[in-house]
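In what follows, a structure is listed as structure tokens, so that the remarks can point back to it.
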Amino acid sequence: MAYLDSLETGLNQPLSIANFQRKARLALIPLGDEHAAISIRNANVQKKATSWADSVATNISYQRLGNIGYIFARSFATRGSKDLPVYERCIDSIFAVIRRDGVTRLAIDVSSNDGGASAVGNMIIKHIFQKPYRNYSMSWKRSEAYLAKLTSWGFRDETYQKAAPGEMLRFPSGKVVPDKVSSPFEGKVIVIIGPETFSSAIMFATLVQDNSMAKLVGESPVNGHPTHFGEMYSTALPNSQLELRFGVKEWVRPAGRGKENKLVPDIPCKLPINGDRMTIVKQLEW
């Protein structure tokens with residue numbers, strides 16, 4: 001509270017929206033939420049116009065490099081649950097081609113993936129790992145405001161709905177039994193991570209590492225962590241109309257809080273500045 005009280009200095013004087021935004025950003029630091037942000041509305045219109053969610057079918061691509069398969073997962077972004085079946089069909093078809101190609105090694109590149117729907121990463125996992133695996137645990141505080149959001153999006157969660165406002169719901173790490181797929185990959189897999197890997201892409205890589213599904217190759221993410229806050233809530237501040245967003249769920253990695261909260265590659269290597277990850281794929285002894 002002393003930290004927040006200190007931010008009140010200067011708030012008794014008129015401030016521009018931009019100056020108030022800079023001041024208000026400091027209030028987000030104690031949250032420890034890497035997704036939390038306070039921004040001027042419509043300031044990022046151009047960025048949103050080029051959102052990966054507008055090109056779902058090209059977010060997951062594949063090519064063959066001799067006897068190596070290379071999947072470039074540039075994003076897990078969606079425009080809502082309606083895009084998940086598109087990802088499902090895309091990923092299923094890619095692994096059908098991988099089986100047809102007869103590759104024995106597979107590299108999955110999420111080094112520039114800034115996240116999206118964690119369900120997309122899970123779709124990939126069921127094609128490369130057929131055994132039960134440990135999932136994330138999660139804490140979720142009941143909120144009337146967020147319940148209204150869920151309802152407006154058409155989602156229903158009876159456990160959340162029945163909980164008392166302010167109650168903390170805790171969901172332990174459980175075992176996931178992957179669905180059977182027609183074209184499972186049974187060769188050797190590596191997952192490439194990098195400084196830009198973020199959010200659900202980190203969750204995907206963390207599940208892979210904590211469950212020993214494959215080796216992680218590359219560099220640690222700069223801004224994201226395996227244990228983090230996610231599932232975003234957005235609202236506009238009433239006077240300034242600044243847009244505030246923050247995570248409503250805390251996700252704890254399968255290995256638990258005792259493990260360092262950093263995604264560290266099993267095989268560290270510097271990623272090429274020009275973005276040519278295929279050089280690494282070809283040069284690695286794996």
Side-chain angles (χ1 to χ4, degrees), residues 52 55-78 83-131 133 176 178-198 200-219 221 263 265-272 274-286:
W52 295 133
S55 306
V56 174
T58 60
N59 283 345
I60 310 287
S61 60
Y62 162 77
Q63 64 183 110
R64 179 181 174 183
L65 309 169
N67 68 340
I68 301 174
Y70 173 74
I71 293 177
F72 179 43
R74 72 173 187 178
S75 177
F76 294 156
T78 71
D83 286 332
L84 294 179
V86 179
Y87 274 110
E88 188 90 60
R89 291 192 296 270
C90 179
I91 292 169
D92 285 348
S93 64
I94 282 174
F95 278 91
V97 173
I98 288 172
R99 168 161 283 197
R100 185 195 66 194
D101 285 349
V103 299
T104 57
R105 292 177 289 171
L106 178 64
I108 302 171
D109 186 353
V110 294
S111 61
S112 58
N113 189 319
D114 63 358
S118 58
V120 180
N122 296 340
M123 292 175 194
I124 297 174
I125 285 176
K126 70 181 180 182
H127 284 275
I128 64 171
F129 197 76
Q130 285 74 57
K131 301 175 184 176
Y133 63 88
V176 177
D179 294 334
K180 298 293 182 183
V181 293
S182 58
S183 302
F185 182 73
E186 298 175 347
K188 194 162 187 179
V189 180
I190 60 170
V191 173
I192 304 172
I193 62 172
E196 297 176 45
T197 307
F198 188 64
S200 61
I202 288 183
M203 293 184 80
F204 164 73
T206 301
L207 286 171
V208 167
Q209 185 178 63
D210 285 4
N211 288 284
S212 302
M213 299 178 187
K215 298 290 186 183
L216 301 189
V217 176
E219 303 175 51
L263 192 59
D266 302 293
I267 306 174
C269 64
K270 192 72 176 174
L271 299 180
N274 63 5
D276 182 14
R277 308 293 188 254
M278 295 181 206
T279 303
I280 292 177
V281 173
K282 292 175 182 176
Q283 291 178 347
L284 277 176
E285 295 182 5
W286 55 298

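Each residue takes its place number in the sequence, starting with 1. Since the structure is predicted, the reported quantities are computational estimates derived from the model, not experimental observations.
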Residue pair [X] / [Y], side-chain heavy-atom distance below 4.5 Å:
X      : Y      : value
Leu263 : Gln209 : yes
Phe129 : Lys131 : yes
Thr78  : Leu84  : yes
Ile128 : Ile108 : yes
Ser112 : Phe72  : yes
Met213 : Ile125 : yes
Ser75  : Asp114 : yes
Val103 : Ile68  : no

Exercise. If you look only at pairs with a residue in residues 178-197, which of them pass as a ring pair (Phe, Tyr, Trp, His ring centres under 6.0 Å), with sequence neighbours excluded?
Worked result: none
Atom pair [atom1]/[atom2] of [X] and [Y] - distance to nearest 0.5 Å:
X      : Y      : atom1 : atom2 : value
Leu65  : Thr279 : CG    : OG1   : 10.0 Å
Met203 : Asp210 : CE    : CG    : 11.0 Å
Gln130 : Lys180 : CD    : NZ    : 7.0 Å

Name each donor-acceptor pair under 3.5 Å that joins a side chain in residues 89-97 to protein atoms two or more places apart or in another chain, with its distance.
{"from": "Asp92", "atom 1": "OD1", "to": "His127", "atom 2": "NE2", "distance (Å)": "2.9"}
{"from": "Ser93", "atom 1": "OG", "to": "Arg89", "atom 2": "O", "distance (Å)": "3.2"}
{"from": "Ser93", "atom 1": "OG", "to": "Cys90", "atom 2": "O", "distance (Å)": "2.7"}

Problem set entry | Short side-chain to backbone donor-acceptor contact, Thr197 and Gly194, under 3.5 Å | yes
Exercise. Any donor-acceptor pair under 3.5 Å linking the side chain of Glu88 with the backbone of Met123?
Worked result: no
Least distance between heavy atoms, [X] atom then [Y] atom:
X      : Y      : value
Arg105 : Leu284 : NH1-O, 4.4 Å
Phe76  : Tyr87  : C-OH, 3.4 Å
Pro265 : Gly218 : CG-O, 3.2 Å

Problem set entry | With Leu216, the side-chain contact (heavy atoms from CB on, under 4.5 Å) member among Ile192, Ile193, Ile267 | Ile193
Problem set entry | Donor-acceptor pair between Arg99 and Ser182 side chains, under 3.5 angstrom | no
For this session: For Lys215, look at atom NZ and say whether over 12 heavy atoms of other residues, nucleotides or ligands are found less than 6.0 Å away.
Result: no
